[in-house]
Amino acid sequence: MLPTAGRRLTLVAAAAVEPAVLAAISGAIERTWGLSVSTRMAPLLLPPSGPAWRGSQLFAEEVLRLLKGLLHEERMLALAVVRADITVPIMQYVMGEAEMGGSCAVISLARVGQDLVEERAAKLAIHEVGHLFDLAHCDNRDCTMTPVASVDELDARPTALCRYCLSDLEYRLKAP
Amino acid sequence: MRKKSRVLVVDDDDLLRLCLADWLKKDGYRTDTACNGEEALAKLQTSTFDLLLVDIVMPVMDGIGLLENVRAEDPDVPIVMMTAHGSIDSAVDAMKKGASDYLQKPFDPRQLWNRIEQAEEKRRLVEEHRNVKQQLERLSLPFELLGRSRSMLEVFDLIDAVAPTDSTVLISGESGTGKEMVAREVHRRSRRASGPFIAVNFFIAVNFGALPESLAESELFGHEKGAFTGAIALKKGVMELANGGTLFLDEIGDAAPKIQIDLLRVLEERRFFRLGGNQPVDVDIRIVAATNRPLEKAIADGNFRSDLYYRLNVVRINVPPLRDRRDDIPVLADKFLREFSADMKKGVAAISPETARILATYDWPGNVRELKNAIERAVVVAKGSRIIPEDLPVQVEKPQDGASQGTTLEAIEKAHIAATLAREDWNISRAAELLGIDRSTLYAKIKKYDLAKA
Ligand SMILES: Nc1ncnc2c1ncn2[C@@H]1O[C@H](COP(=O)(O)OP(=O)(O)O)[C@@H](O)[C@H]1O
Ligand SMILES: [Zn+2]
Ligand SMILES: [Zn+2]
């Protein structure tokens with residue numbers, strides 16, 4: 001059993017996301033990380049315009065900031081699912097974003113296409129939760145921590161951790 | 001996960017700089033940041049980076065200025081320029097001035113990864129090429145160690161085989177056979193050649209330093225300020241001074257038991273604590289040790305730790321005594337003759353055939369050092385342009401008569417001890433060994449006969 005087991009994560013649907021997609025995400029997180037997931041259909045109060053946006057793109061940082069306001073317990077984790085295309089200042093876009101070793105993450109459905117939405121969203125979520133446990137990107141193609149920049153790359157990415165990341169994770173969570 | 005490169009991000013825009021550094025951290029890179037060219041140069045003085053990501057437009061010193069400064073020192077470090085949208089001209093300018101590549105902000109994530117990977121790959125190839133080239137150059141250096149006997153040629157081969165590796169080496173051989181020279185050759189022909197070569201002699205440390213153990217330890221490991229009375233400032237020990245180079249532990253068999261334990265830990269972990277310190281110090285050193293007496297016997301006697309022995313004895317180079325490789329005598333005698341004659345500005349150019357015969361047949365208990373001293377003395381006293389037998393030290397010229405200069409047994413003993421000490425340059429350990437007595441007995445005799453170094 002993973003050392004992450006037992007932690008609680010709130011899945012926040014910040015937009016109209018199909019229940020099947022939310023269910024796929026929460027099921028994947030429970031299976032992969034052993035977390036107990038509760039889902040909230042609480043739309044985040046995203047400002048419709050202003051510095052949170054770059055054109056039609058939403059800065060991920062803004063979502064993480066709002067998400068943090070929803071957490072009232074220290075060891076709680078939260079993952080938001082948004083429909084808007086998200087980005088960070090130095091990049092043209094990102095598909096997901098998380099605080100390394102932190103509590104909040106976000107994934108966007110804007111670039112996952114029309115097909116396989118459940119599976120793809122689940123993969124994005126698994127990866128970002130990995131960052132919350134302080135896992136960095138992995139060079140191993142057989143690892144869910146390998147970085148992706150497109151839906152093709154996402155489809156090629158597995159849903160499981162490689163053994164190096166696994167032992168890395170065990171080491172990190174054991175260390176004081 | 002493989003160990004990733006160190007990246008320096010240089011940008012005056014706080015948000016972009018931190019955002020990029022975060023992104024790179026997520027990729028597993030170790031990052032540092034600077035907000036202009038000058039700050040970047042300052043960081044480059046104290047740390048090394050595998051890749052620089054540099055914004056072109058910055059105050060104080062812009063990206064082009066930084067590029068030119070860095071390239072003047074380091075033609076190889078990959079520098080990827082970051083340009084604002086629509087400023088292709090300056091990017092082209094930067095490429096002409098030696099930038100490895102450029103990226104337009106904001107970045108396409110896949111492009112960023114690719115550029116970094118290409119830069120890393122290029123860097124790796126350059127380094128690999130340089131390493132191979134340098135290693136070949138180093139191995140083709142002439143040996144300063146001379147010899148043409150079969151056994152010395154074997155020693156040379158062993159040195160060339162072990163030098164490029166980081167293996168610990170144990171050199172054994174009688175006093176004066178050239179163990180320290182072998183250690184220096186190993187260093188000179190290794191990738192550490194440009195780093196320090198530091199020698200510690202445990203015999204001297206133990207016997208002449210008359211140091212309490214803690215002071216001997218502080219010589220080795222250094223101490224923190226206030227570690228003991230008299231430790232008024234932080235001091236680095238030889239372990240730290242040898243960082244990046246080779247540490248030569250001479251006469252390792254004389255190391256005190258406590259020091260043996262400390263050495264074992266350094267060999268196993270390549271880290272240690274300064275006296276009074278609680279932060280471990282990591283060092284990158286290669287250890288070469290030497291011994292003039294069989295450590296195997298010291299282990300059996302309980303004076304040397306066997307675990308330390310196994311850590312040291314990874315590669316063993318045995319330097320045979322000079323009497324077992326007489327082919328080397330003419331070569332060495334010739335070299336020393338030329339050196340001393342030039343040093344003393346004396347025109348002593350040759351060794352008479354009779355002298356050469358004596359040199360070739362004498363037993364050389366003090367090995368190459370004794371030969372060197374004998375030639376030095378001969379050059380000093382030589383009257384003509386050739387060395388004749390009378391110029392040699394008496395024990396070399398007439399070995400059988402060496403000790404028979406007195407009447408009583410005591411007088412003979414005194415003369416023999418005095419001669420041996422003189423020949424060994426008052427190295428007590430070596431003289432004691434040659435005389436077949438232990439050091440404390442020798443000290444007692446020196447006192448008894450009131451002998452003193454000339
Ligand atoms: N093969 C050699 N070629 C040239 N000089 C030598 C050689 N071996 C020894 N020497 C010289 O003899 C002296 C003693 O050598 P050293 O390395 O100090 O011996 P050890 O460490 O075994 O006591 C030094 O002055 C050294 O330069
Ligand atoms: Zn990621
Ligand atoms: Zn992995």
Side-chain angles (χ1 to χ4, degrees), chain A residues 51 54-55 57 59-62 64 85-102 105 108 111 127-128 130-154 156 161-172, chain B residues 1-31 33 35 50-51 53-58 63 80-86 102-121 124:
Chain A
R54 183 171 76 195
Q57 291 180 303
F59 280 119
E61 194 56 40
E62 189 63 20
L64 299 184
D85 194 18
I86 55 173
T87 192
V88 296
I90 192 68
M91 290 294 159
Q92 286 174 13
Y93 64 91
V94 297
M95 299 174 81
E97 177 71 4
E99 305 169 312
M100 282 289 277
S108 160
R111 290 176 186 261
H127 177 95
E128 296 308 329
H131 285 317
L132 293 183
F133 294 123
D134 212 16
L135 286 176
H137 284 155
C138 180
D139 296 328
N140 195 338
R141 280 177 193 286
D142 299 326
C143 182
T144 198
M145 291 316 290
T146 186
V148 303
S150 68
V151 73
D152 291 340
E153 292 175 5
L154 181 63
L161 286 175
C162 73
R163 61 195 175 89
Y164 301 103
C165 287
L166 210 56
S167 71
D168 198 33
L169 184 70
E170 273 161 7
Y171 174 79
R172 267 165 213 283
Chain B
M1 243 177 301
R2 79 184 148 93
K3 202 164 147 195
K4 289 247 182 149
S5 313
R6 264 179 73 84
V7 182
L8 180 63
V9 176
V10 192
D11 197 326
D12 61 319
D13 184 319
D14 296 345
L15 186 61
L16 294 188
R17 186 177 64 243
L18 296 178
C19 178
L20 182 52
D22 272 354
W23 179 276
L24 292 168
K25 257 178 232 151
K26 214 169 264 186
D27 277 335
Y29 291 99
R30 290 171 299 154
T31 60
T33 61
C35 60
D50 303 295
L51 171 68
L53 285 168
V54 179
D55 185 27
I56 292 192
V57 186
M58 292 181 295
V80 175
M81 308 303 290
M82 306 187 282
T83 68
H85 189 67
Y102 71 93
L103 277 165
Q104 274 192 26
K105 293 191 273 193
F107 306 148
D108 174 89
R110 178 46 60 198
Q111 236 179 32
L112 175 63
W113 285 321
N114 289 346
R115 292 292 146 82
I116 294 179
E117 268 166 32
Q118 282 160 11
E120 282 187 309
E121 179 65 8
R124 204 184 54 74

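Proteins come first, then strands; the chains are lettered A, B, ... in the order of their sequence lines, and each starts at number 1.
- For Arg6(B), the CZ atom counts as densely surrounded, since its 6.0 Å shell holds more than 12 non-hydrogen atoms of other residues, nucleotides or ligands.
- Between the NE2 atom in His137(A) and the OH atom in Tyr29(B) there is a gap of 11.0 Å [rounded to 0.5 Å].
- Smallest separation of non-hydrogen atoms from Cys19(B) and Pro89(A): SG-CD, 3.6 Å.
- The candidate from Leu112(B), Leu16(B), Asp22(B) with the greatest count of non-hydrogen atom pairs under 4.5 Å with chain A is Leu16(B).
- A heavy-atom distance below 4.5 Å is not found between the side chains of Gln92(A) and Gln111(B).
- Minimum heavy-atom separation, Met100(A) to Lys25(B): CE-O, 4.3 Å.
- A distance of 12.0 Å separates CG in Leu135(A) from NZ in Lys26(B), rounded to the nearest 0.5 Å.
- With sequence neighbours left out, the side-chain hydrogen bond (donor to acceptor under 3.5 Å, both in side chains) criterion links Asp152(A) to no other residue.
- Using a 4.5 Å cut-off between heavy atoms, Glu61(A) makes no contact with chain B at all.
- Atom CG in Asp13(B) sits 8.0 Å away from atom CD1 in Ile90(A) (nearest 0.5 Å).
- Closest approach of Pro147(A) and Arg110(B) over heavy atoms only: O-NH2, 3.7 Å.
- The shortest distance between side-chain heavy atoms of Pro106(B) and Arg54(A) falls below 4.5 Å.
- Contact count against chain A (heavy-atom pairs under 4.5 Å) is highest for Asp27(B) among Leu20(B), Asp27(B), Leu18(B), Asp11(B).
- Val148(A) touches chain B through its backbone: at least one of N, CA, C or O sits under 4.5 Å from a heavy atom, while the side chain does not.
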